[in-house]
Amino acid sequence: MTTEARTDLPAGTSAGTRPRLLLVDGHSMAYRAFFALPDTLATTSGQVTNAVFGFTSMLTNLLRDEQPTHAAVAFDAGRVTFRTERYPEYKAGRAATPDEFRSQVPLIHEVLDALHLRYLSAEGIEADDILATLAGQASAAGMDVLICSGDRDALQLVNDDVTVLYPVKGVSELARMTPDAVEGKYGVPPRQYPDLAALVGEKSDNLPGIPGVGPKTAAKWVTTFGGLDELLARADEVKGKAGEKLRDHLEQVRTNRELNALLTDVTIDLGLDDLALTGFDREAVHRVSDALQFGQMRDRLLAVDPAGEPAGEQPTGSVEIEVDDVAPGGLAAWLAARTGRLGLDVSGTTTPVGGDAWKVAVAGPDGHAVVYDTEDLGSEDDKALAAWLADEAAPKVVHGAKAAWHALAGRGWDLRGVEFDTELAAYLCHPDQRGYDLGDLAERHLGRRLGVAAPAAQGALDLDLDGGATGELEAARAATVGDLAEILAGELADRGAAHLLSDVELPLSRVLASMEHAGIAADVDYLTDLEKHFAAGVADAAAAAYDVIGREVNLGSPKQLQEVLFDQLAMPKTKKIKTGWTTDAAALQDLFARTQHPFLEHLLAHRDVTRLRTTVEGLLRTVAPDGRIHTTFYQTIAATGRLSSVDPNLQNIPVRTEAGRRIRRAFVVGPGYETLLTADYSQIEMRIMAHLSGDEGLISAFRSGEDLHRYVGSRVFQVNPEDVTPEMRAKVKAMSYGLAYGLSAFGLSQQLGISTGEAQGLMDDYFERFGGVRDYLTGVVEEARATGWTATLLGRRRYLPDLTSDNRQRRQMAERMALNAPIQGSAADIIKLAMLGVRREMDAQRLESRVLLQVHDELVVEVAPGERAVMEELLRAQMGAAFELDVPLEVSVGAGQNWHDAAH
DNA sequence: CCGCAGACGTA
DNA sequence: CGTACGTCTGCGGT
């Protein structure tokens, strides 16, 4: 078990400066951080991050201050070591490692992976033994060594080449233990420190010392006798009480010395060259920082990237690009001189109506750019710009083409020929990310900071007017978009997702732009009346509620409601939440079933009608001057591939209750159009489940044309389809849909109001009959765990690193996401394809109707006069043929003067 | 003025 | 102890 010391100088070091190896005892430093920092350091999902945060902070400081050329982190592995075998009491009596710490160790590994920093562990070997071995090899190879460890045993390694950094307070303050420092503090040179420690004992290792002998006495003995061996051999020469004690504890001292000697001959697979710092995986740094919700820490980390730009010399967008001063009328020639993809940046307002473009910047691959203020374009340049923008054959790269389209539309300009959208591309690569700000992407993928360098000496009031006027920022954005496209195109290709951008998301963004621009007509008078009606309902419910309890409270305040329910009315406690006990609708209904208290009825009614009122108020606020409501569909939000709808959200307009459906009647066919059509997929997620699982039973259920839940119910309960009762059907329906979400027996029992046992029995019976579904569901999680991602029918990936988390809650959450993502995401793929097909056919037939809304499995269309039949057929055909599954895709279509009546 | 928590609407 | 979203309100911080 010996490793020969290497004497060659490690690669990657220039002559003249000595290479410097940083060695960190990962476990001891992280553990210190864990206790030094509050457990309120956590992600919003509840993962405590104090240890990983503190550890990362310490590491960052070391990389910054010590400038190592090489580094390694060692971790303890296994409870049993040669020390515990030699001395079972070693480290006995230690409190068990808290789960909250244990769960952070893999997170620390993730951070280290992102930094391309090697970490080592060996079964039965402690971290410090690994460090001692590496330190020996490194100093033999002529390196300086820094050891960061909270274990004092490391002090024995200190010499002229090796310095120990020992934490004094938390992990932020490290004492620099050189030979002089060790001798100054303990009175013995480093090599004799273990002699001293053997006499004094080490409480944290459960190694008792000699009673009454402290560091002072021990140091005196070691110095006087020249070492521990000599001292023990001549123990009888030591006088007094202390001498007696020493003679009583000779064995213990020998044991201590044996145990505190660090191994220097551990077998290590890596050579010193392998420990060279090569630079961070910056993308992984971002990913980890996202996951751990690092704010400042992300920047601190990136600032110490050994491969990053030296601090203070970070390139800005402005130095990368030259803004050409083109003479009036010269734009056409400038554009004509540049073939290939040009980067385009449009600044202005990007609302679906009333958008406006203020500045347009175009950057070429030659490092030149032009920036135009749309207000003072000469008529010739105006024409040239409009022509270029609308030219399908003039290839462009844009960050967020849909928004640019809206802005340009405000100037009457069309935008065509967009070949690449960096925002969509970044989303396809990392669909779980929070946002896709161009500046963030530039930093992450190009290592470039966007923006005009601010003059450092000037005060904050000295605005960068010059930079703004010359359009450097816009030019930099346009150039960055162009550069980013190259990188992201490669990344997309790596994931096999290039076609998703070019064939799905990019063409879809144009369809979405038209939908948003069209908007849906709203009956404002009707909405206004409805608002009054609901407002009266709110007042009535509130008055009735106050009457019951004899006082006025804010019924919208869960906090005040808790007082009323659990203090004043002394009702039984509901489910526990962070702030006490829940007052959600399910809990209130449960309380009502048990207490029949009238307050609950009024409260529930108040909730319902308040919600409806605010929904109506919100809608009224968003009606545009054209009398229509223009939502914005976000294409890069949902990690599964779905769209989302904002301002207002038209994907959550009530439909389940009668009162809610009244709101749907406010969405009407607009003037000049004949009717609204809705077309929706029936049971698309279950059909995808049938397809993906290949389950024979489920597939024949869909092929038979029988009611799905009745069919499944007949199989599960083993009765004839006609004997499936409504109760049986409801249970099976809940279970079928729950499966796609990772529903547990407990969850199913809660939803159906049955026992967990009954729910489990139901699930067992289901899987007994539909084994293919079970196999598929377990397989999809296994595969995702192996690959790190799930994929939809079109290859849209979702990455789920938490599948291998050793935090059970996070892991199980990731497992449910893995179950759901392929199903929900494939449904999203299919309706996106359908929307493209619908659009293509409508264009081909030159129809005047228009698609207005998408609600995940439904499209809402405004039908131009005379087009109703053809549109109905077109929708059925295109939606039904969007993707060929092993089961038919069924589409139902309805028509009416408003959204409610168009439903079927 | 901002962010969080709770509640709740949709697929 | 069921996925994916967006919005509103109250509340406690700034």
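Model, not experiment: these values are computed from the prediction. So that the names make sense, note that chain A is the first sequence line, chain B the second, and so on, each numbered from 1. Just so it is clear, the values below take in all heavy atoms, side chains as well, and ignore hydrogens, waters and symmetry mates.
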Atom pairs, N/O to N/O, protein against nucleotides 12-14 of chain C, distance under 3.5 Å?
| unit_1 | atom_1 | unit_2 | atom_2 | d |
| --- | --- | --- | --- | --- |
| dG12(C) | OP1 | K559(A) | NZ | 3.1 |

Apply side chain to side chain contact (heavy atoms under 4.5 Å, CB included) to residues N898(A) and V669(A) and explain how you reach the verdict. CA-CA 6 Å; N898(A) 61 60; V669(A) 58; over 6 Å; no
Provide, to the nearest angstrom, the distance between the CG atom belonging to D432(A) and the C1' atom belonging to dT3(C). 13 Å
For E505(A), the salt bridge (Lys or Arg N to Asp or Glu O under 4.0 Å) test, sequence neighbours excluded, returns R796(A), K832(A)
F767(A) CZ: over 12 foreign heavy atoms closer than 6.0 Å: yes
Contact class for T582(A) vs. all strands (heavy atom < 4.0 Å): base, sugar-phosphate, or nothing? sugar-phosphate
When you measure from the side chain of D608(A), which nucleotide among dG9(B), dT7(C), dG10(C) comes out closest? dG9(B)
Which of the following nucleotides, dG9(B), dT10(B), dA4(C), is nearest to the side chain of R611(A)? dG9(B)
Figure out the CD1/P separation between I577(A) and dC4(B), and round it to whole Å. 17 Å
Hey, does T574(A) have a side-chain heavy atom less than 4.5 Å from the side chain of F566(A)? yes
Quick check on E768(A): does its CD atom have over 12 non-hydrogen neighbours (other residues, nucleotides or ligands) under 6.0 Å away? no
Separation of N820(A) atom CG from dA11(B) atom P, in whole Å? 15 Å
I need the CH2-P distance between W581(A) and dA5(B), as an integer number of Å. 19 Å
Quick check: any donor-acceptor pair below 3.5 Å linking the side-chain of Q651(A) to the base of dG6(C)? no
Atom OH of Y737(A) and atom C1' of dA4(C) are separated, to the nearest Å, by 15 Å
Hey, what do you get for NE2 (H597(A)) to NE2 (H602(A)), rounding to the nearest 0.5 Å? 9.5 Å
Rounded to whole Å, the CD-P distance (Q750(A) to dC1(C)) equals 11 Å
Side chain of A638(A) (C-beta onward), nearest among dT7(C), dA7(B), dA4(C): dA4(C)
When you measure from every atom of DNA chain C, which of residues 677-690 of chain A have a heavy atom less than 4.0 Å away? none
Is there a side-chain contact between R656(A) and the phosphate of dG9(B), meaning an N or O under 4.0 Å from OP1 or OP2? no
Give the minimum heavy-atom separation between L591(A) and P572(A), together with the two atoms involved. CD2-O, 3.4 Å
H709(A): which residues meet the ring-ring contact (aromatic ring centres under 6.0 Å, His included) condition with it, sequence neighbours left out? Y737(A)
According to a strict under-4.0 Å criterion, is T579(A) in side-chain N/O contact with OP1 or OP2 of dG6(B)? yes
With a non-hydrogen cut-off below 4.0 angstrom, is R613(A) in contact with a base, only sugar-phosphate, or nothing? nothing
At under 4.0 Å between heavy atoms, what does R621(A) touch on the DNA or RNA strands: base, sugar-phosphate, or nothing? sugar-phosphate
Which part of the nucleic acid, if any, lies within reach of R607(A) when heavy atoms closer than 4.0 Å are counted: base, sugar-phosphate only, or nothing? sugar-phosphate
Does the dG9(B) base have a donor-acceptor partner in the side chain of N652(A) within less than 3.5 Å? yes
Just checking, any donor-acceptor pair under 3.5 angstrom between side chains of D829(A) and T792(A)? yes
Tell me what A639(A) touches on the nucleic acid: a base, only sugar-phosphate, or nothing, going by heavy atoms under 4.0 Å. sugar-phosphate
Among the nucleotides dG9(B), dA11(B), dA5(B), whichever has the atom closest to the side chain of V855(A) is dA11(B)
Which nucleotide, dA11(B), dG9(B), dG6(C), lies nearest any side-chain atom of P654(A)? dG9(B)
Have a look at A828(A) and say if it touches a base, only the backbone sugar-phosphate, or nothing, with a 4.0 Å heavy-atom cut-off. nothing
Just the rounded figure in Å: distance from C1' of dA11(B) to CD1 of I830(A). 15 Å
Under the salt bridge (Lys or Arg N to Asp or Glu O under 4.0 Å) test, residues paired with D529(A) that sit two or more places apart: none
Contacting residues from residues 739-747 of chain A, given that a heavy atom lies under 4.0 angstrom of DNA chain C: Y741(A), G742(A), L743(A), S744(A), F746(A), G747(A)
Rounding to a whole Å, what distance do you find between Q635(A):CD and dA4(C):P? 19 Å
Can you confirm whether Q560(A) is buried at CD, in the sense that more than 12 heavy atoms of other residues, nucleotides or ligands lie under 6.0 Å from that atom? yes
Atom OG1 in T778(A), atom CD in E815(A): separation rounded to 0.5 Å? 11.0 Å
Check whether any side-chain N or O of T640(A) sits under 4.0 Å from OP1 or OP2 of dA4(C), and answer yes or no. no
Would you mind classifying the nucleic acid contact of T583(A) as base, sugar-phosphate or nothing, using non-hydrogen atoms under 4.0 angstrom? sugar-phosphate
Using a heavy-atom cut-off of 4.0 Å across all strands, would you classify I653(A) as base, sugar-phosphate, or nothing? sugar-phosphate
Does the side chain of N649(A) get closer than 4.0 angstrom to OP1 or OP2 of dT7(C) through an N or O atom? no
Are the side chain of R687(A) and the backbone N or O of P888(A) linked by a donor-acceptor pair below 3.5 Å? yes
Options dA5(B), dT7(C), dA11(B), nucleotide nearest the side-chain atoms of K578(A): dA5(B)
How would you label the contact of L643(A) with the nucleic acid (heavy atoms, under 4.0 Å): base, sugar-phosphate, or nothing? nothing
By nearest atom, which of the nucleotides dT3(C), dC11(C), dC5(C) is closest to the M813(A) side chain? dT3(C)
Between E658(A) and R662(A), is there a side-chain N and carboxylate O pair less than 4.0 Å apart? no
Closest to the Q560(A) side chain: dC11(C), dA11(B), dA5(B)? dC11(C)
Residue Q824(A), side-chain atoms from C-beta onward, closest of dT7(C), dA4(C), dG2(C): dA4(C)
Determine yes or no for a side-chain-to-main-chain donor-acceptor pair under 3.5 angstrom, with H406(A) supplying the side chain and G355(A) the backbone. no
